[in-house]
Protein chains: 2
Amino acid sequence: MARLDLDRKEPATGSKPAQILAAARAEFLRQGFAATSMDAIARAATVSKATVYAHFGNKEDLFAAMVASNCRRIAETLAEETLEGLPVREALTQIGRQFLAFLLSPDTQAIYRVVVAETPRFPDLGRRFYAAGPQNTRGRIAFYLERIASRGLIRIDDPARATEMFLGMVVGHRHLRRVLGLDAPAGEAEMAEAVGRAVDAFLKVYPPEA
Amino acid sequence: MARLDLDRKEPATGSKPAQILAAARAEFLRQGFAATSMDAIARAATVSKATVYAHFGNKEDLFAAMVASNCRRIAETLAEETLEGLPVREALTQIGRQFLAFLLSPDTQAIYRVVVAETPRFPDLGRRFYAAGPQNTRGRIAFYLERIASRGLIRIDDPARATEMFLGMVVGHRHLRRVLGLDAPAGEAEMAEAVGRAVDAFLKVYPPEA
DNA sequence: GTCTATATGAAGATAGAC
DNA sequence: GTCTATCTTCATATAGAC
């Protein structure tokens, strides 16, 4: 039960289902699954509890629908970027900044928190989230690295592993600190500096061709 | 409320409090905070619910006591290693393997999961956990890097940042995949290979002195 | 489809005997 | 300190009218 239906259409904006989904999103991300009551969701959606049940069956299905809706958002957010024209160093810097900003944003953090907490109970959840979010992103970055490698701009034997290493260097322990509530939301300047260091290091490990 | 009392003594093994703590640990780590009932804990500890309340007051305090007990364990686990005699490459490899094995172990994963989920409700939890676990480990590694740098074996300007970068390269996305339930428990051979790559990369970024 | 009102059950916490 | 039995609250889910 409660598989994630990623293909289901997004309800029309303004409709009752959309209201309910938005309210569910807000409540689940703020409180987690167990601590969120259907009463609270109905109240936040300015709808009766019976209406919530009419549309989404039960609490688990509503939760799954909310996460699926979120995964669709994530997939849409990652639009194709125009990295082709940029020098390699600039392109990597841009990738690193976008990735880090996305990863550390309050929304991403909240979703991550809930998915991590509920994965044991919703076995599908982790897999689907990974596929729609991180795997998608990593695939795009690996594809970019593959292109510049094949154009002879840089020496990269295994683009997937290179991507992993690059992102590992960019993120460091920032994600952990953020998720444990140790760091303030953003830190624009500090983020730029961290990305700069990671790019420098990456270009030492995978040197550009002369 | 429910601050973490790390200084409280560990109850004598075999005593009722110890039984309760062990049962609470098992249940909370398996189910999370909200989904675990005091009934279940009492049953698992083969004790009445009233006894649980007599010793730990309420559910939140019991949870805090369980996490505190776990943090003490973690701190004890990280014994001083004898890295001094080893060549730098060997020492880094050993550090990387120990760290990765620890990070990906089922116990660590379970604790991480619960702490991440409950940090918004227990503001102290994330900070204390970070201090007792990750920060402790990172501090030790940074200290090692500082020592070999001061002995002229390697060029490292900022040991803390170097540690962060090293661990970032070692971990990559393994932790994320594991926490989302995508990878099997261990993978001894694959882990060794990942560490090997990270050490190679690290020694390109921070070259050993000739 | 949407509401109000309610059944049902679970879980946190306690009273009172031993 | 430890137990059995119970109180109380609250959340999931549904019945039935409109």
Side-chain angles (χ1 to χ4, degrees), chain A residues 1-3 8-67 114 117-118 120-122 125, chain B residues 1-3 8-67 114 117-118 120-122 125:
Chain A
M1 97 81 268
R3 303 194 60 222
R8 167 173 177 159
K9 257 202 359 236
E10 201 73 16
T13 17
S15 66
K16 288 266 156 85
Q19 283 176 41
I20 295 167
L21 224 41
R25 177 186 147 81
E27 295 299 311
F28 280 136
L29 294 190
R30 195 161 54 87
Q31 306 257 19
F33 177 77
T36 298
S37 74
M38 294 296 258
D39 279 285
I41 292 171
R43 207 178 315 126
T46 56
V47 145
S48 86
K49 211 167 30 161
T51 302
V52 175
Y53 278 94
H55 283 282
F56 294 97
N58 62 43
K59 189 179 177 182
E60 298 204 346
D61 285 355
L62 175 55
F63 180 75
M66 181 279 286
V67 175
V114 176
E118 301 305 334
R121 226 189 313 258
F122 296 76
L125 191 56
Chain B
M1 148 46 270
R3 302 194 61 222
R8 167 174 178 159
K9 253 199 4 230
E10 201 74 16
T13 15
S15 66
K16 288 267 154 89
Q19 283 176 41
I20 295 168
L21 224 40
R25 177 187 146 81
E27 296 298 311
F28 280 135
L29 294 190
R30 196 162 54 86
Q31 307 256 19
F33 178 77
T36 298
S37 73
M38 295 295 261
D39 280 283
I41 292 171
R43 207 178 315 127
T46 56
V47 145
S48 85
K49 207 162 43 157
T51 302
V52 176
Y53 278 94
H55 284 283
F56 295 96
N58 62 43
K59 190 177 176 182
E60 297 203 348
D61 285 355
L62 174 55
F63 180 76
M66 181 278 287
V67 175
V114 177
E118 302 304 335
R121 228 189 310 258
F122 297 77
L125 190 55

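Lettering follows sequence order; numbering is per chain, from 1. All of these numbers come straight from a predicted model, not from anything done at the bench.
- Between N58(A) atom CG and dT8(C) atom P the separation is 20 Å, expressed in whole Å.
- One atom, CZ of F56(A), and another, P of dT14(D), lie 16 Å apart when rounded to the nearest Å.
- Comparing atom distances between the T51(B) side chain and each of dC3(C), dC3(D), dA13(D) picks out dC3(D) as nearest.
- If you measure from atom CZ of F63(A) to atom C1' of dA13(D), you get 19 Å, rounded to the nearest angstrom.
- Separating the CG atom in L21(A) from the CZ atom in F28(A) is a distance of 10.0 Å, to the nearest 0.5 Å.
- If you measure from atom CZ of F28(B) to atom P of dA11(C), you get 13 Å, rounded to the nearest angstrom.
- For R43(B) and dT2(D), the CZ to P distance is 19 Å, given to the nearest whole Å.
- R43(B) has its side chain out of reach of K49(B): every pair of non-hydrogen atoms, C-beta onward, lies at least 4.5 Å apart.
- Relative to the side chain of H55(A), the nucleotides dG1(D), dG1(C), dC3(D) differ in distance, and dG1(C) lies closest.
- When distances are taken from the side chain of K16(A) to each of dT12(D), dA13(C), dC3(C), the shortest belongs to dC3(C).
- Here the nucleotide nearest the side chain of V47(A), chosen from dA11(D), dC3(C), dT2(D), is dC3(C).
- Nearest nucleotide to the S48(B) side chain, out of dT14(C), dT2(D), dT14(D): dT2(D).
- Taking atom NZ on K49(B) and atom C1' on dA10(C), their separation rounds to 10 Å, with Å as the unit.
- Among the protein residues, S15(A) comes within range of no part of the nucleic acid, since none of its heavy atoms lies under 4.0 Å from any strand.
- The minimum heavy-atom distance linking E27(B) with T36(B) is given by the pair O-OG1, 3.2 Å.
- For V52(A) against I20(A), the heavy-atom pair with the smallest separation is CA-CD1, 4.0 Å.
- Look at CG on D39(B): it is 14 Å from P on dC3(D), rounded to the nearest Å.
- In this structure, K59(A) places its NZ atom 15 Å from C1' of dG9(C), rounding to the nearest Å.
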*Take M38(B) and L62(B) through the test side-chain contact (heavy atoms from CB on, under 4.5 Å) and record every step on the way to the result.*
CA-CA 10 Å; M38(B) 295 295 261; L62(B) 174 55; 4.2 Å; yes
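- Closest to the side chain of Y53(A), from the set dA11(C), dA13(D), dT14(C), is dA13(D).
- Comparing dA15(D), dT2(C), dT4(D) by their closest approach to the side chain of A50(A) singles out dA15(D).
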